[in-house]
Amino acid sequence: MSGNHRDFFERVYELVRQIPAGKVTTYGHIAEALGVRSAARLVGWALHAARFDASIPCHRVVNRRGELTGKHHFATPTLMQELLESEGVHVEDDRVDLARYLWVPPRAEP
DNA sequence: CTATTGACCTTCT
DNA sequence: GAGAAGGCCAATA
C-alpha cells in the first residue's frame, strides 16, 4: 500500500517494526529498501532517536558485518545481545551470522 | 545562524 | 590489499 509518504525516520521505524523475531537486518539494507542506500547514516540516527521507543526493536538492526555497533547506546552494553539471544539469535563476539539471521526488508516504493 | 558530529556504506587511490 | 574520502539528513553545540 500506498500512502506511506512520511518522514524518512518514520519509514525506518515502520521497516524495523516489520523485522520478525529471530532475524536481524542491516542499516544498508534498510537504506537501500527506502531507495537511498547512501543514507545508511540516517538509519543509525533514526534508531538513535528511537532508542527511547520500546515499540521499535532497534536491537535487531546491525551493521553490514553483523556487528552490534549500537549496543553501547542501549541501556546496557549487553542488553542488545541479551535481547537477540532471547529471540534465538546467537551472538558471537558481538556479531551475528548474517548468512543465517539476515532478514531482507521488502523494498518500499521506488 | 554556521560548524561539527553521528548506531553507516560505497568507491576511489 | 589497505587506506582515505565522499555522500546522505538530522541533531547538537
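In what follows, chains are A, B, ... by sequence order, proteins preceding strands, each numbered from 1.
A/L47 CG to A/T69 OG1: the interatomic distance, rounded to the nearest 0.5 Å, is 9.5 Å.
Listed by chain and residue number, nothing satisfies the salt bridge (charged side-chain N to carboxylate O under 4.0 Å, His left out) test with A/D53 (two or more places apart in sequence, or in another chain). The side-chain hydrogen bond (donor to acceptor under 3.5 Å, both in side chains) check on A/D97 picks up nothing, with sequence neighbours excluded. Annotation: side-chain contact (heavy atoms from CB on, under 4.5 Å) contacts of A/H73 (sequence neighbours excluded): A/H48. A/E67 meets the salt bridge (charged side-chain N to carboxylate O under 4.0 Å, His left out) test with A/R65, A/R95; sequence neighbours excluded.
The CZ-P distance, from A/F9 to B/dA7, rounds to 13 Å in whole Å. Between the P atom of B/dT10 and the OH atom of A/Y27 lies a distance of 14 Å, rounded to the nearest Å. Here the C1' atom of nucleotide B/dA7 and the CD1 atom of A/I19 are 13 Å apart, to the nearest Å.
When side chains are defined from C-beta on, A/V12 does not count as touching A/L42, because their heavy atoms never get closer than 4.5 Å. The shortest side-chain heavy-atom distance between A/S55 and A/Y13 does not fall under the 4.5 Å cut-off.
Taking every nucleotide of DNA chain C with any atom under 4.0 Å from a non-hydrogen atom of chain A, the first and last of them, 5' to 3', are C/dG7 to C/dA10.
Between A/L98 and A/G66 the shortest heavy-atom distance is CD1-N, 3.4 Å. The heavy-atom pair separating A/P105 from A/A33 by the smallest distance is CG-CB, 3.9 Å.
Looking at residues 91-105 of chain A, you'll see that no heavy atom sits under 4.0 Å from any atom of DNA chain B. Contacts between residues 72-83 of chain A and DNA chain B, counted as heavy-atom distances below 4.0 Å, involve A/H73, A/F74. Contact check of residues 49-69 of chain A against DNA chain B (heavy atom, cut-off under 4.0 Å) returns A/R51, A/C58, A/N63, A/R64, A/T69.
Nucleotides C/dA5 and B/dT5 are separated by 14 Å at their P atoms, to the nearest Å. On the C1' atoms, C/dG3 is 23 Å away from B/dA7, given to the nearest whole Å.
Criterion: ILVMFWY side-chain heavy atoms under 4.5 Å apart, direct or through other members. Under it, A/V43 and A/F74 are not part of a common hydrophobic cluster.
Among residue pairs with one or both ends in residues 32-46 of chain A, none qualify as salt bridge (Lys or Arg N to Asp or Glu O under 4.0 Å); sequence neighbours excluded.
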For residues 16-27 of chain A, run the donor-acceptor check on the side chains, cut-off 3.5 Å, and write out each pair with its distance to 0.1 Å, sequence neighbours left out.
{"unit_1": "A/Q18", "atom_1": "NE2", "unit_2": "A/E14", "atom_2": "O", "d": "3.3"}
{"unit_1": "A/T25", "atom_1": "OG1", "unit_2": "A/W103", "atom_2": "O", "d": "3.2"}
{"unit_1": "A/T26", "atom_1": "OG1", "unit_2": "A/H29", "atom_2": "N", "d": "3.2"}

Review item, side-chain donor-acceptor pairs of residues 75-90 of chain A, under 3.5 Å, at least two apart:
{"unit_1": "A/T76", "atom_1": "OG1", "unit_2": "A/L79", "atom_2": "N", "d": "3.3"}
{"unit_1": "A/E87", "atom_1": "OE1", "unit_2": "A/R60", "atom_2": "NE", "d": "2.8"}
{"unit_1": "A/E87", "atom_1": "OE1", "unit_2": "A/R60", "atom_2": "NH2", "d": "3.4"}
{"unit_1": "A/E87", "atom_1": "OE2", "unit_2": "A/H59", "atom_2": "NE2", "d": "3.2"}
{"unit_1": "A/E87", "atom_1": "OE2", "unit_2": "A/R60", "atom_2": "NE", "d": "3.3"}
{"unit_1": "A/E87", "atom_1": "OE2", "unit_2": "A/R60", "atom_2": "NH2", "d": "2.6"}

